[in-house]
Amino acid sequence: MRIHVTSVLVENQDEALRFYTEVLGFVKKVEVPLGDHRWITVVSPDDPDGCELLLEPDSHPAAKPWKAALVNDGIPSTSFAVDDVHSECDRLRGLGVRFTQDPLRVGPVTTAVFDDTCGNLIQIVQTT
């Protein structure tokens, strides 16, 4: 068994697709119309056949309160691996990304957390 697709709940799929591709650097893999929404996934350009991230609409009544509670408590919705947290923070800050947690070393990992502009906090992690 392996993870095939995981999701992040987003307020606006078009804005999320722009942020996750143009800012974070993922590439769109699948886009299928589904009524009012679309099944849109992105992948890492370094692993195009790897786990897909679904940019899932947050239209379910429980989604917005759940997302808001996580953000209010500073809890990331998901975590992405990077080779160098400090360099990635600098790159993303240069693109206007707002961080809620600067790089912090915690044992064998260094983490940072940013606002994805789609209603989520996202953690990036470097394993040392």
Side-chain angles (χ1 to χ4, degrees):
M1 189 178 305
R2 64 186 185 278
I3 299 170
H4 172 66
V5 175
T6 189
S7 65
V8 63
L9 297 169
V10 299
E11 297 166 346
N12 179 299
Q13 286 185 300
D14 291 322
E15 291 175 16
L17 182 59
R18 185 203 65 75
F19 182 82
Y20 279 78
T21 57
E22 295 177 18
V23 176
L24 298 186
F26 291 108
V27 294
K28 181 171 68 171
K29 181 158 185 174
V30 176
E31 182 171 355
V32 177
L34 296 172
D36 293 338
H37 303 291
R38 294 165 286 161
W39 178 273
I40 304 173
T41 65
V42 296
V43 294
S44 168
D46 296 332
D47 192 11
D49 295 320
C51 185
E52 297 174 43
L53 179 66
L54 173 63
L55 304 177
E56 187 168 0
D58 67 359
S59 56
H60 187 280
K64 288 184 191 331
W66 179 74
K67 286 173 52 177
L70 290 178
V71 169
N72 288 341
D73 288 344
I75 299 171
S77 295
T78 194
S79 181
F80 302 137
V82 296
D83 293 331
D84 183 332
V85 166
H86 293 278
S87 294
E88 192 64 17
C89 284
D90 291 344
R91 182 186 80 78
L92 292 174
R93 279 192 180 105
L95 294 170
V97 173
R98 184 180 69 84
F99 278 79
T100 61
Q101 177 202 302
D102 289 327
L104 175 66
R105 186 172 178 132
V106 182
V109 299
T110 302
T111 66
V113 178
F114 64 86
D115 180 337
D116 77 348
T117 72
C118 304
N120 304 290
L121 298 178
I122 305 295
Q123 179 175 299
I124 54 175
V125 177
Q126 171 189 345
T127 303
T128 52

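Keep in mind that what you see is a predicted model, and the values were worked out from it rather than measured.
Val85 and Val106 fall into different hydrophobic clusters, where Ile, Leu, Val, Met, Phe, Trp and Tyr side chains are chained together by heavy-atom contacts under 4.5 Å. Under a hydrophobic-cluster definition in which Ile, Leu, Val, Met, Phe, Trp and Tyr are linked whenever side-chain heavy atoms come within less than 4.5 Å, directly or via other members, Val30 and Val5 are assigned to the same cluster. Put simply, Leu121 and Val8 are part of two different groups of oily side chains (I, L, V, M, F, W, Y) that touch within less than 4.5 Å, one to the next.
Residue pairs meeting the salt bridge (Lys or Arg N to Asp or Glu O under 4.0 Å) criterion with at least one member in residues 68-86: none, sequence neighbours excluded. Pairs of residues two or more places apart, or lying in two chains, that qualify as ring pair (Phe, Tyr, Trp, His ring centres under 6.0 Å) and include a residue from residues 94-128 are Phe99-Phe114. Applying the ring pair (Phe, Tyr, Trp, His ring centres under 6.0 Å) test to pairs two or more places apart or on separate chains, those with a residue in residues 37-81 are Phe26-Phe80. Note on residues 115-128: pairs passing salt bridge (Lys or Arg N to Asp or Glu O under 4.0 Å), not counting sequence neighbours, are Arg98-Asp115.
Proximity of Ile122 to Thr78: side-chain heavy atoms (C-beta onward) are separated by under 4.5 Å at one or more points. Side-chain contact between Ile124 and Thr110: absent, with no pair of heavy atoms (C-beta onward) separated by less than 4.5 Å.
Residues passing the side chain to side chain contact (heavy atoms under 4.5 Å, CB included) test with Gln101 are Leu104, Thr111, Val113, sequence neighbours excluded. For Glu31, the salt bridge (charged side-chain N to carboxylate O under 4.0 Å, His left out) criterion is met by Lys28, Arg38, not counting sequence neighbours. Listed by chain and residue number, Asp58 satisfy the side chain to side chain donor-acceptor pair (under 3.5 Å) test with Lys67 (two or more places apart in sequence, or in another chain). Partners of Arg105 by salt bridge (charged side-chain N to carboxylate O under 4.0 Å, His left out), not counting sequence neighbours: none found. Take Ser77 and apply the side chain to side chain donor-acceptor pair (under 3.5 Å) test, not counting sequence neighbours, and it matches Asn120. For Glu88, the salt bridge (charged side-chain N to carboxylate O under 4.0 Å, His left out) partners two or more places apart in sequence, or in a different chain, are Arg91.
If you chain together ILVMFWY residues whose side-chain heavy atoms come under 4.5 Å of each other, Val27 ends up grouped with Val43.
The two residues Leu9 and Ala63 make their nearest non-hydrogen contact at CD1-CB, 3.9 Å.
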Assess whether side-chain contact (heavy atoms from CB on, under 4.5 Å) is satisfied between Val82 and Ser87, documenting all intermediate values. CA-CA 9 Å; Val82 296; Ser87 294; over 6 Å; no
Please walk me through it: do Val23 and Arg18 pass side-chain contact (heavy atoms from CB on, under 4.5 Å)? CA-CA 7 Å; Val23 176; Arg18 185 203 65 75; 3.7 Å; yes
List, one per line, each side-chain donor-acceptor pair under 3.5 Å for residues 45-56, sequence neighbours excluded.
from	atom 1	to	atom 2	distance (Å)
Asp47	OD1	Gly50	N	3.4
Glu52	OE1	Thr41	OG1	2.8
Glu56	OE1	Ser7	OG	3.0

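Remark: Asp14 CG to Cys118 SG distance equals 10.5 Å, nearest 0.5 Å.
Applying the 6.0 Å contact sphere to CD1 of Ile3 captures no more than 12 heavy atoms from other residues, nucleotides or ligands.
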